[in-house]
Every structure is written in C-alpha cells, then in structure tokens.
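Notes follow once the structure below has been shown.
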2 protein chains.
Amino acid sequence: MKKNKCLTIYHELSHKIQKRDLKPNTFLPSENQLVNQYSASRETVRKALNLLAHDGYIQKIKGKGSIILDINNSLDSFPFEDTIYLTENRDTNILYNIELINPDHHIQQRMNVSMTDYVWEILRGRTSKGKEFVLDKMYFSKSFVPNLTREIRKESILEFLEEKLRLKISFIQTEITVEESPRETYNYLKFRNNPYVIIVRNYGYLEDTSLFHYVESYYNLDNFHYYNFERYYQP
Amino acid sequence: MKKNKCLTIYHELSHKIQKRDLKPNTFLPSENQLVNQYSASRETVRKALNLLAHDGYIQKIKGKGSIILDINNSLDSFPFEDTIYLTENRDTNILYNIELINPDHHIQQRMNVSMTDYVWEILRGRTSKGKEFVLDKMYFSKSFVPNLTREIRKESILEFLEEKLRLKISFIQTEITVEESPRETYNYLKFRNNPYVIIVRNYGYLEDTSLFHYVESYYNLDNFHYYNFERYYQP
DNA sequence: TTGTATTTGTCCGTATGTATC
DNA sequence: CGATACATACGGACAAATACA
C-alpha cells in the first residue's frame, strides 16, 4: 500500500474543514501535533499545510498557528469561471461543424504543425452569461485525437478527452487581444456595429509540454467579461 | 546578510529565462547540478523549481528534467506585477497625482468602503510594450497605508508596502471588460478613434482575505494584449 | 529484454532563525 | 525572559520514471 502521505494529510484535513468538523476561525493543531498524529515528518506536514493555504482553507500565521478560514465567505464568492471547459449549458450550444482538415497557414503557426498534418476543426457557437454570443474555433491534432464524432457534442469535450483518451491537460496559456473581425466570422457574430472583436486564444499543453489543443474564442465587445483568480504561491 | 536562498535561486533563474540566457525548449541544469552551483540543498533547489513551474517558466518532467517553456512575454504574463511591481523598470512612467480622498460611489462599491473612509488615489500613465499607453488608477485604503509619498514612485510601490509596512498580497482577482471611455480619461488616453476602452480591474487581497488595494487600468483597443498562465493541480 | 546510471518525487530527522505570547 | 509555533535550510534515504547500452 503505497500512498502519498502529504496528499493524504491534505485531503483528510480539507474534508474535515469542509464538513465543519474543524470550525472556521479556530486554529489547526500545531505542526508538531500533526507530526505526531500522522506519524509524518514536519516537512511533509508543512507541504500539506501549504496546499491547504494555497487552496484557501487556512491562513498560516508565523509564530501563532494556522487558522481555518470560512470557505463560504472567501473562495466561493469569487467569480471564477473557466471560459472554455464549462460548456455544460448545452441547450445554448450550437455545433456548426466538425471536420478533419489540413491546417492553413495560421493554424500551422499557432499549433506548430505542418501542412500535411491532420487537425480536427470544431466550430461552435455558444452563449455566455445569458445573452452574449461567442464563437469558438477549436483545434485538436489528429495525432492525439484519432476519432471525434458529433456525439461528443452532448458531452463535455474535455471529459471525453480525459476519460476516454486519457489525455490530461497540464497547463494552459491564455492570450487576449482585440482585432478586426475576420470575414469568416461575419455569419456567426451577431453584433457588427463595431469592426473589432475580442479574441481569446487558449493553448492547452500536456504534461510533456506537447501542444494538445488550441482554441480561438471570438467575443463581441459588448458584454465581454473575463475573470481570473490568481493565488500567490508560497515556497 | 540574511537572504532567502530559495527565492534567490528562483529570481536568478527566472531572470535568465526572461532575458533568454536560458533558451525555451531546452533543459535546465539538473537539480543536483543546481545544488552544486548554488551551494544549496536539494530541497531548497526543488522549492525554487516548484515556484518556476507554478509561474509558468518551466515544466518538470519526472525522470527527464525541467524544460524551459516559451513565455510569450513574461512581463505581461503577470498582470499584477506589470501594474505594481515593475514600476522601476519603466522610465516611461508618469505619475500624475497622489491624493488622499474620500471615495466616490464607484470606489465605495468596488472596495467595499464607506464615504467617510479615506483612500489613497494614485494616477499614473505608463507605456506597455514600447508604444501602448496605459492609464492606471490605483487605490489603497488608508487603514492599511497611512502614509504614501511621491518618493515611492522611484521605488516599487509593492516593495515599499511589503518591506516597510509588512503587507503581503495573498491572492488577486482580475476582471477584464470593454466599456465606453469615461470622460475623465480623455486627457490621458491618446487614441480616441474608438469610443471603447478595455478596463482591467485588479483586486488585491491580503492573507486574511481583506481587500487591500484596487487598480483600474485603461487600455486602448489597439495593441491590447493580455497573457495568462494557468497550471492544473500541483501535488 | 535486462541492467545500470541519471533525474525527479517523496519522505525523514535535525538544526537554526524568527515571530508570538 | 522563556516556551511555543512557524520559516528556512541541510543532508540523507529510497522510489519511480527515463534513457541508454
């Protein structure tokens, strides 16, 4: 039975905090007490506590202890929204096209693939926050995703990729710019009172740093909103 | 001379990556090599590497090494550092005004303070990426920052706050929208060919989740760009 | 296929410094 | 002042993934 002791401590403590077995605004047992409780070294306990702090469960105060935060009052109240993956409001999603193509010059550059490679192109419309219309152009290299059918539109695409194909995103680079509307988007974007659109480009990478997928999302200027939440990491 | 060795290693490596002394898609020296280079223990080196990975500089691959990622523009990858930390690198910064004010209705709402509270307002112009002009409106609650002089403009404001006042940012919420240019920005923003501006709002919170400062940055549509790096779970 | 060296991942025990009370 | 608690650092140990012969 080989387990990650640090994560075990983290999960046990985080569950207790979530279930309110450990009450907000009280102190956790001291690091030395936790060392005894879990028969672990202090470094291991500290790594677990750092994870808890990073995820907003506790606040560490030097010389005093680790105080348990009220999660309802902190984490959940921040509008953290994933702009790509939460496609679950399927009623408002429209799948325009799924096609296996040879990438054009633009995609070749963005995805670092050659003209002779094959790439899945998915064209999708969706509404965000009720009314705003968004056009997504998603690309997956065929070397990673051999098959892709229309069926997946009823599922989350990423769930399909993770659970069926065992592909795991490790990190994402996001890039936001304002550009003139490309002509091919005229048919899809509803508001053309302004020549500009906002383009959000997401580059998704696997653990081996290979570029796994690329998404361009086109937003009208009206009602565009983007939220990000960044926690500072403590060594 | 007491310094944090882990952070020293982090800064030295991150600067080398930013300056391209260490090239993307190559490997960092192995952990053991870094141990020798910096006369540090492996745990310390590993903590520095974890910070680099968290901030998107490198990707660690078990059994292989740490590969350097291609950061489009490392400065703007961290919107908060751009607006606050790195003010000393920009000889193109102009400090328009520092004033202790009673917040107007808008700021009262954003910062959750009352009309009778006092708030520092800092108006600053800067150029980003050479030509793009950005207007920053920064606010600090007087309860956290009793004194703020023009002298700090030559230093990093955040360094001043951290080292002198012992205030530490714990997390940041970023919000990007497109809005019509407010009239009071007309004097500052150079391009008025478009009625819209991009507004980046940063909410900085302390470790105890209290809202510590608030920044509004105004960008023209032209040449606006925003980068973000997000890593999925860190064990 | 097998074995060996390298590299990263996890964990331990100890020591010293610093902040709080 | 001393006791407690967290912060940083060190050196060692073993496991797991990788690369290579």
Side-chain angles (χ1 to χ4, degrees), chain A residues 1-13 26-54 57-69 166 168 170-171 206-210 232-235, chain B residues 1-13 22 26-54 57-69 162-168 170 206-208 231-235:
Chain A
M1 184 103 165
K2 42 186 175 181
K3 279 211 172 178
N4 187 321
K5 197 178 270 192
C6 164
L7 287 180
T8 304
I9 298 174
Y10 165 80
H11 286 127
E12 211 167 308
L13 289 176
T26 66
F27 281 91
L28 273 183
S30 76
E31 293 180 353
N32 284 326
Q33 285 174 307
L34 291 172
V35 164
N36 294 328
Q37 276 185 37
Y38 289 99
S39 308
S41 76
R42 205 170 141 235
E43 275 292 335
T44 305
V45 168
R46 283 177 53 73
K47 282 177 184 171
L49 294 188
N50 281 334
L51 283 179
L52 290 171
H54 182 263
Y57 286 106
I58 63 171
Q59 173 203 345
K60 305 177 75 173
I61 305 175
K62 187 171 178 175
K64 285 187 72 175
S66 297
I67 196 166
I68 298 168
L69 296 177
R166 295 263 162 221
K168 265 206 172 170
S170 178
F171 59 91
L206 301 179
E207 286 178 350
D208 63 355
T209 74
S210 58
Y232 276 81
Y233 191 61
Q234 303 148 15
Chain B
M1 182 107 165
K2 41 185 175 180
K3 280 214 172 179
N4 187 322
K5 196 179 271 191
C6 160
L7 288 181
T8 304
I9 298 173
Y10 165 80
H11 286 125
E12 211 166 307
L13 290 177
L22 294 169
T26 66
F27 281 91
L28 273 183
S30 75
E31 293 179 354
N32 283 327
Q33 285 174 307
L34 292 172
V35 163
N36 294 330
Q37 278 185 34
Y38 290 98
S39 307
S41 74
R42 204 174 141 229
E43 278 290 339
T44 304
V45 168
R46 284 179 53 73
K47 283 177 183 172
L49 295 187
N50 282 334
L51 284 179
L52 291 171
H54 177 266
Y57 287 105
I58 63 171
Q59 176 80 355
K60 306 178 74 175
I61 304 177
K62 187 172 178 175
K64 288 186 73 173
S66 297
I67 196 166
I68 298 169
L69 296 178
E162 282 199 352
E163 292 178 9
K164 300 288 179 0
L165 301 182
R166 298 249 164 235
L167 294 172
K168 260 205 173 174
S170 178
L206 299 180
E207 288 178 346
D208 63 355
R231 186 172 285 281
Y232 284 88
Y233 56 79
Q234 179 130 359

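Below, all heavy atoms of this structure are taken into account, side chains as well, without hydrogens, waters or symmetry copies. In what follows, every chain begins at residue 1, and chains take the letters A, B, ... in the order their sequences are listed.
Here A:N36 pairs with nothing under the side-chain contact (heavy atoms from CB on, under 4.5 Å) rule; sequence neighbours left out. Listed by chain and residue number, A:L206, A:S210 satisfy the side-chain contact (heavy atoms from CB on, under 4.5 Å) test with A:D208 (two or more places apart in sequence, or in another chain). With sequence neighbours excluded, no residue forms a side-chain contact (heavy atoms from CB on, under 4.5 Å) with B:S39. Remark: A:F171 engages A:Y205, B:F229 in a ring pair (Phe, Tyr, Trp, His ring centres under 6.0 Å) (not counting sequence neighbours). A search for side-chain contact (heavy atoms from CB on, under 4.5 Å) contacts involving A:K64 returns A:F27, A:I61, not counting sequence neighbours.
Not one side-chain nitrogen or oxygen of B:T44 sits closer than 4.0 Å to the OP1 or OP2 atom of D:dT8.
A:N36 places its CG atom 11 Å from the P atom of D:dA5, with the value rounded to the nearest Å. Between the CD atom of A:Q59 and the P atom of D:dA5 there is a distance of 18 Å, rounded to whole Å. Between the C1' atom of C:dT14 and the CD atom of B:E43 lies a distance of 13 Å, rounded to the nearest Å.
Remark: the B:Q59 side chain and the A:S170 side chain contain an N/O donor-acceptor pair separated by less than 3.5 Å.
With a cut-off of 3.5 Å on both pairing distances, C:dT1 has no Watson-Crick or G-U wobble partner at all.
Heavy atoms of A:T8 sit nowhere under 4.0 angstrom from any nucleic acid atom.
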Output a table of nitrogen or oxygen pairs between the protein and nucleotides 5-9 of chain C separated by less than 3.5 Å.
residue: C:dT8; atom: OP2; partner: B:E31; partner atom: N; Å: 2.8
residue: C:dT8; atom: O4'; partner: B:G63; partner atom: N; Å: 3.4
residue: C:dG9; atom: OP2; partner: B:R46; partner atom: NH1; Å: 2.7
residue: C:dG9; atom: OP2; partner: B:R46; partner atom: NH2; Å: 3.4
residue: C:dG9; atom: OP2; partner: B:K60; partner atom: NZ; Å: 3.0
residue: C:dG9; atom: N7; partner: B:R42; partner atom: NH2; Å: 2.7
residue: C:dG9; atom: O6; partner: B:R42; partner atom: NH1; Å: 3.1

